[in-house]
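The structure appears below as structure tokens.
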Amino acid sequence: MEQIKTQKIFSGIQPTGELHIGNYLGAIKQFVEFQHKIDSIFCVVDYHSLTEDFDPKIKQEQIINTAIDYLACGIDPEKSILFVQSHVTGHTELAWILNCITPIAELERMTQYKDKSKNQKSNINVGLFDYPVLMAADILLYKADLVPIGEDQTQHVELARKIARKFNNRFGNTFPEPQIRLNKTARVMSLSDPSKKMSKSHGPKSYIALNDSPDVIKEKISKAVTDSGSAKNSKTNGGKNLLDLFSVFVDDESISKQFENDYKNGELQYSKLKPMLASVIISSLKPIQKKRAELAKSPDYVHQVLIKGKEKAEAIAATTMREVRQKIGLL
Ligand code: ADP
């Protein structure tokens with residue numbers, strides 16, 4: 001990874017269900033690399049997860065599981081700040097202030113809002129519409145200048161940049177304009193419908209969860225849609241998605257080059273690629289799963305991490321909020 005001139009990164013993951021390899025490759029993998037280079041703040045964005053239908057009885061469990069996923073993937077709480085969004089009041093306070101300088105028309109343009117509104121017709125709530133402003137508040141509260149994310153979130157970070165600029169122009173220089181950082185695998189596609197991104201909301205057949213067993217992984221990969229079959233008319237082809245996945249999980253680059261050549265020449269045998277892909281995914285996820293199982297047996301440790309994370313995050317957030325309140329005339 002090249003050296004980057006940034007001060008601080010922020011990123012978040014919603015506690016909405018099990019994490020999948022799209023979240024890992026698009027987001028967490030680069031978080032783990034970044035934490036060794038610059039100040040890093042990672043958040044379980046539980047307020048965001050309330051914008052979808054949810055069950056309050058399992059919300060706590062989902063929050064803890066997402067924290068465990070971060071830790072199992074390699075987030076080191078000695079190097080990074082790991083905490084839960086709702087534990088720090090500044091997120092919603094700043095979101096309200098930013099709401100008052102964000103034009104409604106900007107939010108109406110957000111493609112994720114339009115997509116999610118179609119998927120949850122009976123629950124198009126104000127939070128879903130306002131989600132990008134809360135996300136801008138998450139980032140700006142820590143004056144983060146780099147946001148590593150998957151491609152689906154780029155429009156939201158662009159809006160956060162606009163909001164930062166608007167605030168700075170009106171009230172004086174306060175926030176850096178956050179830069180977007182995309183991985184090579186910023187858009188992993190669904191296994192069952194490669195025209196869509198891999199997502200928790202498209203059901204378990206569409207994704208490989210970080211915690212899937214070897215048998216489940218083999219089964220899902222064997223059934224993954226390729227370039228033929230039902231996805232023939234889809235905008236994205238499943239074969240390329242499987243090849244991309246293979247290239248990031250395999251150690252020996254020459255094997256993936258060979259498969260890519262076969263693909264270009266129309267000679268790729270999925271009966272060969274698929275079992276090998278399943279095997280490299282299984283072995284890559286094994287250490288994560290092992291660590292996950294250990295952490296699940298240590299709930300006290302996970303709680304301690306989140307309490308310490310909250311204290312560190314809150315200290316930064318309180319300083320920003322004081323400055324913001326002064327600048328807008330509330331203090
Ligand atoms: P989901 O879309 O599965 O509900 P989140 O909204 O919690 O996941 O996203 C967490 C992070 O994972 C974000 O940075 C998001 O951009 C990234 N991400 C989600 N899905 C994918 C994907 N299919 N490919 C690459 N990155 C992804």
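In this chain, residues are counted from 1 in sequence order. As the structure lists them, so they are numbered: ligands from 1, and atoms in each ligand from 1.
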Residues in side chain to side chain contact (heavy atoms under 4.5 Å, CB included) with Ser247, at least two apart?
Lys184, Ser256, Glu260
Does Lys197 make a cation-pi contact with Tyr207, if we ask for NZ or CZ under 6.0 Å from the ring centre and within 45° of the axis?
no
Heavy atoms under 4.0 Å from ligand 1: which residues qualify?
Ile13, Gln14, His20, Gly22, Asn23, Gly26, Ala27, Ile149, Gly150, Asp152, Gln153, Thr185, Ala186, Arg187, Val188, Lys197, Met198, Ser199, Lys200
Which residue is it: Thr16, Asn123, Asn125? I am looking for the one with a side-chain hydrogen bond (donor to acceptor under 3.5 Å, both in side chains) to Asp53.
Asn123
I'd like to know if the side chain of Glu314 reaches the main chain of Val88, judged simply by a donor and an acceptor atom lying under 3.5 Å from each other, with no hydrogens or angles considered.
no
Aromatic contact between Phe246 and Phe259, with the criterion being ring centroids under 6.0 Å apart: yes or no?
yes
Please confirm whether Lys79 makes a cation-pi placement over Phe34, using NZ or CZ under 6.0 Å from the six-membered ring centre and within 45° of the ring normal.
no
